[in-house]
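See below for the structure under consideration.
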Amino acid sequence: VQLQASGGGLVQAGGSLRLSCAASGRTSSYRMGWLRQAPGKEREPVAAISRSGGLTYYADSVKGRFTISKDNGKNVVYLQMNSLGPEDTAVYYCAAVTSSTSGLILRPDYWGQGTQVTVSS
């Protein structure tokens, strides 16, 4: 499956952004998620959603601020990001795994190009 992320940009601290990930295949066949990588840091999982969309998982650093959702009819996954802070500045990657295991995605089977999110203080 090919993944195309979009929606990144520059936003002030406290602002919001919504990322989108368009998949070439059926998102209902994959556990989908988002990872991010800040300069000089390792890539880290941010959020994930089950195949059906009924279960969601979040890193502690984004709980209560980010919301992941998916539209299996349109094969799109979203990441709504609120109350953004400079620590959220990173390249965000959409990812997918075929495994039915629950939880955040640590080793994607598929991932696309990233979208840059920059939060100014």
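Remember, it's a predicted structure, so these values are computed and weren't measured experimentally. Side-chain atoms are counted along with the backbone in the values below, which use heavy atoms only and exclude waters and symmetry mates.
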Chi angles and distances behind the side-chain contact (heavy atoms from CB on, under 4.5 Å) call for R36, S61: CA-CA 12 Å; R36 69 185 181 186; S61 58; 3.6 Å; yes
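- Applying the salt bridge (charged side-chain N to carboxylate O under 4.0 Å, His left out) rule to K41 yields no partners; only residues at least two apart in sequence or on another chain are considered.
- For the residue pair V1 and G25, the shortest heavy atom distance occurs at CG2-N, 3.2 Å.
- Residue pairs meeting the ring pair (Phe, Tyr, Trp, His ring centres under 6.0 Å) criterion with at least one partner in residues 42-90, sequence neighbours excluded, are absent.
- I105 and L19 sit in two unconnected hydrophobic clusters of ILVMFWY residues. Membership requires side-chain heavy atoms under 4.5 Å apart, directly or through other members.
- Looking only at distances, no side-chain donor or acceptor of T115 sits under 3.5 Å from a matching main-chain atom of S6.
- Applying the disulfide (SG to SG under 2.5 Å) test to residues at least two apart or on different chains, the pairs with a partner in residues 16-51 are C21-C94.
- Between Y92 and W34, the distance from one ring center to the other does not fall under 6.0 angstrom.
- Annotation: the span from S16 atom OG to Q80 atom CD amounts to 5.5 Å, rounded to 0.5 Å.
- Counting heavy-atom neighbours within 6.0 Å of Q37 CD, excluding the residue itself, gives a total above 12.
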Working for side-chain contact (heavy atoms from CB on, under 4.5 Å), residues V76 and T27: CA-CA 7 Å; V76 180; T27 51; over 6 Å; no
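- Interatomic distance, L10 CG to T89 OG1, rounded to the nearest 0.5 Å: 8.5 Å.
- Taking every heavy atom of both residues into account, P45 and A59 meet most closely at O-CB, 3.6 Å.
- Both L3 and Y30 are assigned to one and the same hydrophobic cluster, defined by single-linkage of ILVMFWY side chains at heavy-atom distances under 4.5 Å.
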From CA spacing to verdict: side-chain contact (heavy atoms from CB on, under 4.5 Å), L35, V46: CA-CA 5 Å; L35 295 85; V46 174; 5.5 Å; no
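- No single ILVMFWY cluster, assembled from side-chain heavy atoms under 4.5 Å apart, contains both I68 and Y93.
- Smallest separation of non-hydrogen atoms from M32 and A96: SD-CB, 3.5 Å.
- The minimum heavy-atom distance between Q113 and Q4, with the atom names listed, is NE2-NE2, 3.1 Å.
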Worked verdict on M81 versus L79 for side-chain contact (heavy atoms from CB on, under 4.5 Å): CA-CA 6 Å; M81 306 186 294; L79 185 67; 3.9 Å; yes
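- For the pair R31 (side chain) and G103 (backbone), a donor-acceptor distance under 3.5 Å is present.
- In this structure, N75 and N72 approach most closely via the heavy-atom pair OD1-O, 3.2 Å.
- Side chain of K70 to backbone of S52: no donor-acceptor contact under 3.5 angstrom is found.
- Checked by atom type and distance alone, the side chain of S24 pairs as donor or acceptor with a backbone atom of Q2 at under 3.5 Å.
- Annotation: the span from Q12 atom CD to T118 atom OG1 amounts to 13.0 Å, rounded to 0.5 Å.
- Contact record, R51 with S28: CB-O, 3.3 Å, taken as the closest heavy-atom pair.
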